[in-house]
S.K.: 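Here you go, one structure.
What you see is a predicted model; the values in this text were computed from it and never measured. All residue numbers refer to positions in the sequence shown, counting from 1.
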Amino acid sequence: MKVLQVLPALHSGGVERGTLEFAAELVKRGHQSLVISSGGPKVAQLLDQGSTHIELPVHRKALSSFAQILPMRRLLTELQPDIVHVRSRMPAWITWLAWKGMPAARRPALVSTFHGMYSVNPYSAVMARASRIIAVSECVKQYVLDNYKVADERVTVIQRGVDINAFCPRPPETQWLARFHEEHPRLAGKRLIMMPGRISRWKGQTLFVNAMAQILRQMPDAHGIIVGGAEPGKEHFLEELEQQCRDLGLSNDITFLGQRNDINELYLVASVVCHMSTKPEPFGRTITEALASGTPVAAFDRGGAAETLRACFPQGLVTPDDTSAFAERVMALLVTEPPPVELPWRFQLQAQTEATLAVYDQALSER
Ligand code: UDP
């Protein structure tokens, strides 16, 4: 099968990781994997894994992006993929308009993934035009059914699968650990409480800093690590968080580690991983990654994050927005031996790959 995935860019984030991991799985299984994006630092990894990347500026949320329709149609005609899988709205518009202008017999099957609960408007509605739709959690599926005229059987829930070879319980790599301690001597001997995710207001880093203030009053050997980069244009929020730490006298107790490529090692040195998004998270990869690494997770009880925890680690669920209860839960997890977590099959990359290929088969059979 020749599969073309289309997404805005290959920077950091869940959609990007998902695209790369799935592309690698396709290649391993003997399929042809192509990706169209505006490029980014992860292109090299994609190529190394055996996929083809075609750079096209499909990322800009601007009318000028419609100039990409003809180039996209030319690419679809030349490449002749069996499946085109769109993972974001602007690329979906460009692809759909290009696709519609092709002779019906030569069109590839069109599949979309709703990676989020996109605002309900005609712009987002393009994601529902694909013949088969994937939702990354039950709550995203419900959101799609509630807001778009889509038949239930066209929407398949496929949870984001963790690559359990990359995220598994094991001691951190010796060299990595030595370097980490050298770079961050003040973390030595501390119990690390980790907050992974893009530095973005709704990801809840502000609440994390407040929870850390409470935890540190009772557990002075705790240390917060905030892992993730500020998105372009959101640098002011990072400055605000740093100021919040200074105001609370926590500058020595919380470390900002920035965007990391070694997050799998960080889960292994963390004692607890926190998820504090202030609105329902569509899925939340950091939760399953941490659990697959054997690290307990605390998360607010809503959205995709709650769905995952309910299935894998219900002890970590906390009443939404209750920072104080969150801090208490983290402390409880720190002092009790967490039960070993067996990540259910549907949260593993192999399962995601197989389920996605089954959706592709359905889409092809209906073409
Ligand atoms: N991530 C990473 N390095 C970082 C921060 C995050 O590799 O410094 C990865 C993380 O491992 C996860 C993804 O980025 O795979 C974030 O996905 P999630 O679903 O949690 O959030 P999204 O970015 O999609 O909203």
S.K.: With I226, which of L257, V209, I193, L238 fulfils side-chain contact (heavy atoms from CB on, under 4.5 Å)?
M.R.: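 Exactly one option meets the side-chain contact (heavy atoms from CB on, under 4.5 Å) with I226, and it is V209.
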S.K.: By ring-ring contact (aromatic ring centres under 6.0 Å, His included), which residues pair with F347, not counting sequence neighbours?
M.R.: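 Residues passing ring-ring contact (aromatic ring centres under 6.0 Å, His included) with F347: none at all.
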S.K.: With E173, which residues qualify under salt bridge (Lys or Arg N to Asp or Glu O under 4.0 Å), at least two apart?
M.R.: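 For E173 there are no salt bridge (Lys or Arg N to Asp or Glu O under 4.0 Å) partners, ignoring immediate neighbours.
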S.K.: Run the ring-ring contact (aromatic ring centres under 6.0 Å, His included) test against W345 and tell me which residues pass, sequence neighbours left out.
M.R.: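 By the ring-ring contact (aromatic ring centres under 6.0 Å, His included) rule, W345 matches no residue at all.
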S.K.: In a table with atom names and distances, give each donor-acceptor pair under 3.5 Å that connects a side chain of residues 125-138 to protein atoms at least two apart or in another chain.
M.R.:
residue: S131; atom: OG; partner: L110; partner atom: O; Å: 3.2
residue: R132; atom: NE; partner: E366; partner atom: OE1; Å: 3.4
residue: R132; atom: NE; partner: E366; partner atom: OE2; Å: 3.3
residue: R132; atom: NH1; partner: E153; partner atom: O; Å: 2.8
residue: R132; atom: NH1; partner: Q362; partner atom: OE1; Å: 3.4
residue: R132; atom: NH2; partner: E366; partner atom: OE2; Å: 2.4
residue: S137; atom: OG; partner: V140; partner atom: N; Å: 3.4
residue: S137; atom: OG; partner: P282; partner atom: O; Å: 2.6

S.K.: Would you please classify the geometry between the F180 ring and the H184 ring as parallel, tilted or perpendicular, with 30° and 60° separating the classes?
M.R.: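 Rings of H184 and F180: tilted, 30 to 60°.
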S.K.: List in chain and number order the residues that pass side-chain contact (heavy atoms from CB on, under 4.5 Å) with Q243, two or more places apart in sequence or in another chain; answer none if no residue qualifies.
M.R.: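 Partners of Q243 under the side-chain contact (heavy atoms from CB on, under 4.5 Å) test: R246, D247.
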S.K.: Kindly write out the residues that satisfy salt bridge (Lys or Arg N to Asp or Glu O under 4.0 Å) with K141, not counting sequence neighbours, or none if the list is empty.
M.R.: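 For K141, the residues satisfying salt bridge (Lys or Arg N to Asp or Glu O under 4.0 Å) (neighbours in sequence not counted) are D152.
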S.K.: I'd like to check I287 versus F313 (side-chain heavy atoms, cut-off strictly below 4.5 Å). Are they in contact?
M.R.: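 I287 vs F313: side chains apart.
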S.K.: What residues form a side-chain contact (heavy atoms from CB on, under 4.5 Å) with A355, not counting sequence neighbours?
M.R.: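 With neighbours one apart ignored, the set is I158.
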S.K.: Please set out all donor-acceptor pairs under 3.5 angstrom arising from side-chain atoms of residues 270-278, sequence neighbours excluded.
M.R.:
residue: H275; atom: NE2; partner: E281; partner atom: OE1; Å: 3.2
residue: S277; atom: OG; partner: E281; partner atom: OE1; Å: 2.8
residue: T278; atom: OG1; partner: W202; partner atom: O; Å: 3.3

S.K.: What residues form a ring-ring contact (aromatic ring centres under 6.0 Å, His included) with Y148, not counting sequence neighbours?
M.R.: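 ring-ring contact (aromatic ring centres under 6.0 Å, His included) list for Y148, sorted by chain: F114.
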S.K.: Going by the rule salt bridge (Lys or Arg N to Asp or Glu O under 4.0 Å), which residues pair with R60 if we only count those two or more places apart in sequence or in a different chain?
M.R.: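 Salt bridge (Lys or Arg N to Asp or Glu O under 4.0 Å) list for R60, sorted by chain: empty.
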S.K.: Show me the side-chain donor-acceptor pairs of residues 69-81 shorter than 3.5 Å, one per line, residues at least two apart or across chains.
M.R.:
residue: R73; atom: NE; partner: A98; partner atom: O; Å: 2.9
residue: R73; atom: NH2; partner: L97; partner atom: O; Å: 3.1
residue: T77; atom: OG1; partner: R73; partner atom: O; Å: 2.7

S.K.: Spell out, as yes or no, whether a donor-acceptor pair under 3.5 Å connects the side chain of Y123 to the backbone of V120.
M.R.: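 Such a contact is absent between Y123 side chain and V120 backbone.
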S.K.: Heavy-atom count check: over 12 atoms from other residues, nucleotides or ligands less than 6.0 Å from E183 CD?
M.R.: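 Enclosed.
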S.K.: Tell me, which pairs form a salt bridge (Lys or Arg N to Asp or Glu O under 4.0 Å) where one or both residues lie in residues 300-316, sequence neighbours left out?
M.R.: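 Counting only pairs at least two positions apart or across chains, the salt bridge (Lys or Arg N to Asp or Glu O under 4.0 Å) contacts touching residues 300-316 are D301-R310, R302-D321.
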